[in-house]
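Down below is the structure, laid out as structure tokens.
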Amino acid sequence: MTARIDHLVTSGTFSLDGGTWEVDNNVWIVGDDHEAIVIDAAHDADAIAEAVGDRQLRAIVCTHAHNDHIDAAPALAERTGAVIWLHPDDLPLWKTTHPDRLPDRWLDDGLVIETAGTDLTVLHTPGHAPGAVCLYDAGLGTVFTGDTLFRGGPGATGRSFSHFPTIIESIRDRLLTLPPETVVRTGHGETTTIGAEAPHLDEWIARGH
């Protein structure tokens, strides 16, 4: 059974530093007809569970711990028995949303998460958040970048826990070194490719944000 990537968009709010904004989030489901993992359980556990269907949900992987990417994770885990993975550097952010429920397991750079014959390699890409990660699968020709890299540039770094020079370093050293045809599946908005974004690195640095 060949693994596939399913996609849904959920809507809710993002809150940090005293502000709240309406957002639409990409939720990615990687698997086959029997098992799957969810990347970023955003906003709506019921909608995500419906998209997973009767497959075994093996894991909920958080690209980072901003509330709009993790708010539905505990409810989805309770409903499905899936384990929640997070990079430990994002634990302080996680606790602002879920103070009474810790993640189940810790992501680490180079860790490989397997499901349905796929191998998702964890790339630690801090900058948007200290524990931000991307998930790369050479076999699927894709990288799930959360809020590290979007179509048109880096994720935002103007709020707490973020740092622009760090996200630039992460993108330059960890993402733009991937094959140019690699499809970039983002936390918000449209997909792109590494090859489409790589020529613009100097422009992003010049913008400085």
Side-chain angles (χ1 to χ4, degrees), residues 1-10 25-42 48-49 51-53 55-66 69-70 72-73 76-77 80-91 94 103-151 155 167 170-171 173-189 191-195 197:
M1 184 68 65
T2 303
R4 66 181 186 272
I5 301 169
D6 298 317
H7 172 227
L8 69 154
V9 177
T10 58
N25 284 64
N26 293 326
V27 179
W28 301 101
I29 304 170
V30 182
D32 57 16
D33 289 345
H34 305 291
E35 63 181 18
I37 67 166
V38 162
I39 299 169
D40 288 346
I48 300 169
V52 172
R55 293 178 283 178
Q56 179 187 5
L57 187 61
R58 298 177 61 87
I60 300 163
V61 183
C62 308
T63 62
H64 62 294
H66 284 153
H69 291 256
I70 64 167
L76 184 62
T80 62
V83 296
I84 300 172
W85 290 81
L86 180 75
H87 193 283
D89 289 355
D90 259 17
L91 185 58
W94 171 275
D104 300 300
R105 297 181 187 172
W106 301 114
L107 298 169
D108 190 22
D109 188 68
L111 178 76
V112 176
I113 297 175
E114 302 177 12
T115 189
T118 65
D119 294 322
L120 290 163
T121 300
V122 175
L123 308 176
H124 183 209
T125 53
H128 181 70
V133 302
C134 299
L135 301 165
Y136 173 58
D137 190 308
L140 293 174
T142 195
V143 60
F144 301 92
T145 57
D147 288 1
T148 295
L149 178 63
F150 292 110
R151 183 175 182 175
I167 201 172
S170 292
I171 292 170
D173 297 345
R174 307 308 308 277
L175 297 180
L176 299 187
T177 54
L178 298 175
E181 65 274 15
T182 303
V183 176
V184 177
R185 290 179 162 87
T186 62
H188 309 272
T191 61
T192 182
T193 65
I194 293 296
E197 301 307 318

Supply the atom-to-atom distance [X] [atom1] to [Y] [atom2], rounded to the nearest 0.5 angstrom.
{"X": "Arg105", "Y": "Ile113", "atom1": "CZ", "atom2": "CD1", "value": "9.5 Å"}
{"X": "Trp106", "Y": "Ile84", "atom1": "CH2", "atom2": "CD1", "value": "10.5 Å"}
{"X": "Thr63", "Y": "Leu123", "atom1": "OG1", "atom2": "CG", "value": "12.5 Å"}
{"X": "Arg185", "Y": "Asp40", "atom1": "CZ", "atom2": "CG", "value": "14.5 Å"}

Would you kindly say whether [X] and [Y] are connected by a side-chain donor-acceptor distance under 3.5 Å?
{"X": "His124", "Y": "Asp109", "value": "no"}
{"X": "Asn25", "Y": "Thr10", "value": "no"}
{"X": "Thr125", "Y": "Thr148", "value": "yes"}
{"X": "Asn26", "Y": "His7", "value": "yes"}
{"X": "Asp147", "Y": "His188", "value": "yes"}

Take Ile60 and Val83 through the test side chain to side chain contact (heavy atoms under 4.5 Å, CB included) and record every step on the way to the result.
-> CA-CA 6 Å; Ile60 300 163; Val83 296; over 6 Å; no

Ignoring hydrogens and angles, tell me if any N or O in the side chain of [X] forms a donor-acceptor pair with the backbone of [Y] under 3.5 Å.
{"X": "Ser170", "Y": "Pro126", "value": "yes"}
{"X": "Thr182", "Y": "Leu178", "value": "no"}
{"X": "Asp32", "Y": "Ala116", "value": "no"}
{"X": "Thr145", "Y": "Val184", "value": "no"}
{"X": "Asp137", "Y": "Gly139", "value": "yes"}

[X] versus [Y], closest heavy-atom pair with distance:
{"X": "Cys62", "Y": "Leu86", "value": "CB-CD1, 3.7 Å"}
{"X": "Thr118", "Y": "Thr115", "value": "OG1-O, 2.6 Å"}
{"X": "Ala72", "Y": "Ala42", "value": "CB-C, 4.1 Å"}
{"X": "Ala82", "Y": "Ala59", "value": "CB-N, 3.9 Å"}
{"X": "Pro103", "Y": "Leu91", "value": "CD-CD1, 4.1 Å"}
{"X": "Gly131", "Y": "Asp90", "value": "N-OD1, 2.7 Å"}

Would you indicate whether the side-chain heavy atoms of [Y] and [X] approach each other to under 4.5 Å?
{"X": "Thr193", "Y": "Glu181", "answer": "no"}
{"X": "Leu107", "Y": "Val61", "answer": "yes"}
{"X": "Cys134", "Y": "Leu175", "answer": "yes"}
{"X": "Val38", "Y": "Leu57", "answer": "yes"}
{"X": "Thr80", "Y": "Val52", "answer": "no"}
{"X": "Thr191", "Y": "Thr186", "answer": "no"}
{"X": "Trp28", "Y": "Leu135", "answer": "no"}
{"X": "Leu120", "Y": "Ile37", "answer": "yes"}

Answer yes or no: is there an ion pair linking Asp6 with Arg55, defined by an N-O contact shorter than 4.0 Å?
-> yes

Taking NZ, NE, NH1 and NH2 as the nitrogens, is one of them in Glu35 or Arg58 under 4.0 Å from a carboxylate oxygen of the other?
-> yes

Decide side chain to side chain contact (heavy atoms under 4.5 Å, CB included) for Val112 and Val122; before the verdict, give the C-alpha distance in whole Å, the side-chain angles of both, and the deciding distance to 0.1 Å.
-> CA-CA 6 Å; Val112 176; Val122 175; over 6 Å; no

Could you point out which residue of Ile29, Leu140, Asp33, Val30 forms a side chain to side chain contact (heavy atoms under 4.5 Å, CB included) with Arg4?
-> Asp33

Stepwise, does the side chain to side chain contact (heavy atoms under 4.5 Å, CB included) test hold for Ile70 with Trp94?
-> CA-CA 8 Å; Ile70 64 167; Trp94 171 275; 3.4 Å; yes

By side chain to side chain donor-acceptor pair (under 3.5 Å), which residues pair with Asp89, not counting sequence neighbours?
-> none

Walk me through it: do Val9 and Val27 pass the test side chain to side chain contact (heavy atoms under 4.5 Å, CB included)?
-> CA-CA 6 Å; Val9 177; Val27 179; over 6 Å; no

Who passes ring-ring contact (aromatic ring centres under 6.0 Å, His included) against His128, sequence neighbours left out?
-> His64, His66

